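Worksheet for the structure shown next.
Keep in mind that this is a model prediction, so the values were computed, not measured. In what follows, chains are A, B, ... by sequence order, proteins preceding strands, each numbered from 1.
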Number of protein chains: 2
Amino acid sequence: MSAANNKDGKYKYKGIPLTVVKRLPGYQRLLSELAAKEVERVSSRELAAKMKINPSQVRQDLSLFGSFGQQGYGYRVSYLLSEINKILGINAETKMVLVGGGQLGRAVANYRNFAKRGFIIEAIFDRDPRVIGRTIDNRVVRDVQELTAYLQAEPAEIGIICTPASAAQEVADQLVAGGIKGIWNFAPVALKVPETVCLEHVHLGESLMILSFKLKQKQEELFNQKK
Amino acid sequence: MSAANNKDGKYKYKGIPLTVVKRLPGYQRLLSELAAKEVERVSSRELAAKMKINPSQVRQDLSLFGSFGQQGYGYRVSYLLSEINKILGINAETKMVLVGGGQLGRAVANYRNFAKRGFIIEAIFDRDPRVIGRTIDNRVVRDVQELTAYLQAEPAEIGIICTPASAAQEVADQLVAGGIKGIWNFAPVALKVPETVCLEHVHLGESLMILSFKLKQKQEELFNQKK
DNA sequence: TTGAGATTGTTAGATATTTAACAAAGTATG
DNA sequence: CATACTTTGTTAAATATCTAACAATCTCAA
Ligand SMILES: NC(=O)c1ccc[n+]([C@@H]2O[C@H](COP(=O)([O-])OP(=O)(O)OC[C@H]3O[C@@H](n4cnc5c(N)ncnc54)[C@H](O)[C@@H]3O)[C@@H](O)[C@H]2O)c1
Ligand SMILES: NC(=O)c1ccc[n+]([C@@H]2O[C@H](COP(=O)([O-])OP(=O)(O)OC[C@H]3O[C@@H](n4cnc5c(N)ncnc54)[C@H](O)[C@@H]3O)[C@@H](O)[C@H]2O)c1
């Protein structure tokens, strides 16, 4: 365990560069796939090839958290996977609540793979009387007015925001008041939360625009080649 | 227009670092919000504050594409927005097809904000006979067996994959065979496509794991402070 | 049991990205 | 219309990230 710490916490989470953090789930998925295929060992070279990065980077990323491999052998898949799961906080039964039982909220609530990894949606809230009382995957949708009180009685770690952007900040405030520790936000708006609360945005619209940009650039590239 | 070009195209799209590309939609959204509020002018300092980045970075990002501001004044919101829209390929009527009319596919198909920006889902495909023939937001779901033939008759630029991971590669191949130029993939799997096709992955599960990691780190941080 | 071959963890060097600094050129105000 | 102020675009310096290199050390086949 080495990890050079930096004075400003800007891009770092406790000495881990955000660029590294973003690769961790990729390693997790690859290792899960290998484990499912009952592959026993894997080298940094193989992992790197699948991630389309450099083998050095794999070794350096992992070395920030510890020494999980063996010279001349590589990494034992099951061991490395369990270590990465620990690092990511997977399989630790993380309780969540979801706010906004619309199109996207329902898709997220019905998705089984999150629960499979220990991320459980305990309750769902909405504002619309037509939605409140309906059942989504065995959970009755509650009135968002009860949100803060519910959380005080039944604490959860993560709040998922699937409301329109206009309501997102208000919902975030209620989640924070209820003692939530992290917010997973699908609304296209920058939220303000206290420093103690972690934020993760899902930018679907932005992702589509990035694809659009790449397309335009590629077109131009091909056009220029023809000349 | 300056743009220092680099020999390897690895992280670059025609000389534009991917880190910059990822910030462009953020600028777009901020400028849209300002335009909606009828704000006339904005400085790099103001934009930077909202994006939580450095003003120098804003100016440098924009300068890769041209000179859009005025000394002593800043940027005219409407002009900069229209330039960024051009850069991103927004409002150019981009045709798309969606494959997989399940939970997530329906949410995406029903979402109006994409069409509002010129990204139109022309057709929807599925494999399940119970889904085929149903209507999603005025579009009848077609049989995925017709996908490639449909595209040859009705070309589209972007294919959206909302099928399970196990079917995603097969669907991608069909989209490519139909002449699609870019793929927006929601399935948690790395797709293989020809070099001429652009790829953009949406990693919902990975995003949740990143939040989980941040939470764990923050907990440890707070714990260490108490000591 | 030995020795050739493999692969890690780590340090140092190469690249890329971000930030600072500032001349140039405009604005705005009296 | 002069002048103090603002803010851009750009160049250069500071940081951060990625890649190469290699000693240390384990594997595995003979
Ligand atoms: N559907 C998509 O594909 C998509 C894509 C990109 C972004 N998003 C974003 O995700 C969010 C949800 O999108 P959607 O398509 O599910 O919208 P939706 O309209 O289907 O659902 C929103 C739900 O939030 C509820 N709601 C509104 N105000 C609330 C409040 N104050 N408290 C609790 N519930 C409230 C509504 O009653 C509704 O049920 C939006 O912010 C949207 O911009 C969605
Ligand atoms: N729902 C979520 O919140 C969520 C979150 C993260 C990732 N994802 C991913 O998004 C994808 C879709 O998720 P979902 O929840 O909508 O699943 P879903 O099961 O509700 O929908 C999948 C749809 O794809 C169709 N399909 C299957 N094979 C097909 C094929 N070969 N051609 C055309 N259609 C086919 C199915 O009939 C079904 O209608 C999955 O890969 C999932 O892992 C979803």
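- Between Leu18(B) atom CG and dC18(D) atom P there is a gap of 12 Å when expressed in whole angstrom units.
- In this structure, Ser44(A) does not reach the dT7(C) phosphate: none of its side-chain N or O atoms is under 4.0 Å from OP1 or OP2.
- Atom-to-atom, CZ of Arg45(B) to C1' of dT8(D) comes out at 13 Å; the value is rounded to the nearest Å.
- Neither OP1 nor OP2 of dA6(C) sits under 4.0 Å from any side-chain N or O of Tyr75(A).
- The side chain of Arg59(B) has dG9(D) as its nearest neighbour among dG9(C), dC18(D), dG9(D).
- His201(A) and His203(A) have parallel rings, their planes meeting at less than 30° on a 0 to 90° scale where 60° marks the start of perpendicular.
- Along DNA chain C, the nucleotide closest to Ser43(A) and the one closest to Asp61(B) are compared, and the more 5′ of them pairs with Ser43(A).
- Out of dT17(C), dT19(D), dT19(C), the shortest distance to the side chain of Thr19(B) is found at dT17(C).
- One atom, CZ of Phe68(B), and another, P of dA25(C), lie 19 Å apart when rounded to the nearest Å.
- Considering only the side chain of Gln60(A), dC18(D) comes nearest among dG26(C), dG9(C), dC18(D).
- The distance between atom CD1 of Ile53(B) and atom C1' of dT17(C), rounded to the nearest whole Å, is 12 Å.
- Between the side chain of Gln71(B) and the base of dT8(D), at least one donor-acceptor pair of N or O atoms lies under 3.5 Å.
- Distances shorter than 4.0 Å separate some side-chain N or O of Gln57(B) from OP1 or OP2 on dT19(C).
- If you take CG of Leu62(B) and P of dT7(D), they are 16 Å apart, rounded to a whole angstrom.
- Across dT18(C), dT17(D), dA20(D), the shortest atom-to-atom separation from the side chain of Arg23(B) is found for dT18(C).
- Using modelled atom types, one finds no donor on one side chain facing an acceptor on the other under 3.5 Å when comparing Asp61(B) with Gln57(B).
- Between the CZ atom of Phe65(A) and the C1' atom of dT10(C) there is a distance of 17 Å, given to the nearest Å.
- In this structure, CD of Gln70(B) is placed 18 Å from P of dA24(C), rounded to the nearest angstrom.
- Both Gly69(A) and Tyr73(B) lie close to DNA chain C; mapped to their nearest nucleotides by heavy-atom distance, the more 5′-ward contact belongs to Gly69(A).
- At dT6(D), none of the side-chain N or O atoms of Arg41(B) fall inside 4.0 Å of OP1 or OP2 (strictly under the cut-off).
- Under a cutoff of 6.0 Å and an axis angle of 45°, Arg41(B) and Tyr75(B) do not form a cation-pi pair.
- Atoms CG (Asn54(A)) and P (dA21(D)) sit 11 Å apart, rounded to a whole Å.
- The six-membered or imidazole ring of Phe119(A) lies away from that of Trp184(A), with a centre-to-centre distance of 6.0 Å or more.
- A salt bridge does not link Lys50(B) to Glu46(B): none of the charged side-chain nitrogens sits closer than 4.0 Å to a carboxylate oxygen.
- Minimum atom distance to the side chain of Ser56(A) is reached by dA21(D), of the listed dG9(C), dT8(D), dA21(D).
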